[in-house]
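In what follows, a structure is listed as structure tokens, so that the remarks can point back to it.
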Amino acid sequence: MTHVSDYDEFAESYARENETSLLNAYYERPAMLALAGDVAGRRILDIGCGTGPLAEQLAKRGAMVAGFDTSSAMIELARRRLGDKAELCVATLGEKLPYEDDSFDDAVASLVFHYLQDWTLALDEVRRVLKPGGRLIMSVNHPILYPFNHRGEDYFQLTRYTDEVTLDGRSATLTYWHRPLHETMAALISAGFRVQRVWEPPYDKNAPVEVVPQRLRERDAFLSFLFFSLSSE
């Protein structure tokens, strides 16, 4: 049986890794903030908020933030970080969300949808809690990664797979769903979202040299995640 990611097992290790790693601190998070733009006065839902680093940045920029995560350990760490700066709870993407209709101007989903096999209910629920014209800003594993890292596997098949990773020196097992790009686009459009932007961004050139592998230091960009800005209109 394929292992299911359990962030309660390694929440603190993940939190420390997330603070300073190239992929999170100097690539994924800056791209999400760039897509979000001016958020002052906007009510934003942080989907799969983890320990709250993105929520913290959004709050600093003047947003009113709520967030949820399926990991109670992650939510506890987020509460320590954010205090009363965000409304936080334990909930699961892909189930009924504990928010009223038309509650949020925007929703952000950092690296969370790729844990789901079926996006139908998850996207329907996000659209339900967004105001008309609200935005969903999301990042997922880039679909090219699965066949690149698992040679011989079929890019075009929806496939569950497991990777062993190191988080702040600790080994962890993460399980994802590889989804070819055409299935991703079909799911987003079928849920009623309008695609505003699809982005393969560069990493932040202010990243400390020690976190950037030598092979990437002369490059403007690399492929790891895929980013979307979507409208619920």
Side-chain angles (χ1 to χ4, degrees), residues 18-69 78 81-88 93 97 99-114 119 122-143 181 184-185 187-189 191-208 220-233:
N18 188 281
E19 291 297 319
T20 59
S21 72
L22 174 64
L23 288 180
N24 297 111
Y26 298 102
Y27 175 53
E28 196 275 342
R29 200 147 55 244
M32 291 291 285
L33 291 168
L35 285 175
D38 182 4
V39 297
R42 297 181 72 83
R43 182 161 168 76
I44 300 180
L45 177 63
D46 189 350
I47 298 166
C49 64
T51 61
L54 180 58
E56 181 178 48
Q57 291 301 315
L58 292 168
K60 285 181 178 179
R61 288 161 169 77
M64 298 167 285
V65 183
F68 71 89
D69 200 281
R81 174 198 291 269
L82 295 165
D84 61 0
K85 296 177 183 176
E87 304 167 13
L88 302 172
L93 182 64
L97 296 180
Y99 308 105
E100 299 296 325
D101 295 358
D102 305 333
S103 295
F104 298 96
D105 299 296
D106 303 312
V108 293
S110 286
L111 306 177
V112 62
F113 269 87
H114 51 221
W119 289 12
L123 288 170
D124 286 348
E125 276 294 282
V126 172
R127 193 161 185 264
R128 178 184 66 79
V129 303
L130 282 173
K131 296 176 182 178
R135 298 180 303 167
L136 169 59
I137 297 164
M138 63 184 292
S139 60
V140 293
N141 285 339
H142 199 292
L181 182 58
T184 295
M185 301 304 293
L188 297 173
I189 293 168
F193 286 98
R194 179 169 58 85
V195 179
Q196 297 177 316
R197 187 176 183 187
V198 181
W199 195 24
E200 297 166 319
Y203 65 90
D204 186 346
K205 293 304 182 182
N206 294 318
D220 292 329
F222 60 91
L223 293 178
S224 187
F225 307 133
L226 189 60
F227 296 78
F228 298 89
S229 178
L230 309 153
S231 170
S232 63
E233 293 179 338

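Keep in mind that what you see is a predicted model, and the values were worked out from it rather than measured.
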Reported OG1-to-OH distance for the pair Thr20 and Tyr26, which is rounded to 0.5 angstrom: 7.0 Å
Is the shortest heavy-atom distance from the side chain of Asp69 to the side chain of Val112 under 4.5 Å? no
Walk me through it: do Lys205 and Asp220 pass the test side-chain contact (heavy atoms from CB on, under 4.5 Å)? CA-CA 8 Å; Lys205 293 304 182 182; Asp220 292 329; 4.3 Å; yes
How about Glu200 and Leu226: do any of their side-chain heavy atoms sit closer than 4.5 Å? yes
Kindly compute the distance separating OG (Ser231) from CG (Leu130), expressed to the nearest 0.5 Å. 9.0 Å
Would you say that Gln57 contacts Met32 through its side chain, given a criterion of any heavy-atom pair below 4.5 Å between the two side chains? no
Could you give the distance from CG (Leu54) to CG (Asp46), rounded to the nearest 0.5 Å? 5.0 Å
Criterion side-chain contact (heavy atoms from CB on, under 4.5 Å) on Asp105 and Arg135, from CA distance to verdict: CA-CA 7 Å; Asp105 299 296; Arg135 298 180 303 167; over 6 Å; no
If you define the side chain from C-beta out and look only at heavy atoms, does anything of Leu123 sit under 4.5 Å from Leu136? yes
Could you tell me whether the side chain of Asp106 and the main chain of Val108 form a donor-acceptor pair under 3.5 Å? no
When rounded to the nearest 0.5 Å, the distance separating CD1 of Ile47 from CZ of Phe113 is 5.5 Å
Taking 4.0 angstrom as the limit, do Arg43 and Glu87 come out as a salt bridge? yes
Nearest heavy-atom approach of Tyr27 to Pro202 is CD1-O, 4.0 Å
Apply side-chain contact (heavy atoms from CB on, under 4.5 Å) to Val39 and Val65, showing your working. CA-CA 10 Å; Val39 297; Val65 183; over 6 Å; no
Do the rings of Tyr99 and Phe104 sit parallel, tilted or perpendicular, given the 30° and 60° boundaries? perpendicular
Quick check: do Thr184 and Pro143 have side-chain heavy atoms less than 4.5 Å from each other? no
With a 3.5 Å distance limit and no angle check, can you tell me whether Ser232 reaches the backbone of Gly134 through a side-chain donor-acceptor pair? yes
Does any non-hydrogen side-chain atom of Phe228 lie less than 4.5 Å from one of Phe193? no
Heavy atoms of Ala78 and Gly52 approach each other most closely as CB-N, 4.0 Å
Pro30 versus Asn24, closest heavy-atom pair with distance: CD-O, 4.0 Å
Heavy-atom side-chain proximity of Leu58 to Leu33 below 4.5 angstrom: yes
Measure the spacing between CZ of Phe222 and CG of Leu23 and express it to the nearest 0.5 Å. 5.5 Å
Taking the side chain as everything from C-beta on, heavy atoms only, tell me whether Ser110 gets closer than 4.5 Å to Arg29. no
Keeping the roles fixed (side chain from Ser139, backbone from Phe227), state whether a donor-acceptor pair exists under 3.5 Å. no
Separation between OG (Ser224) and CG (Asn141), nearest 0.5 Å, reads 6.5 Å
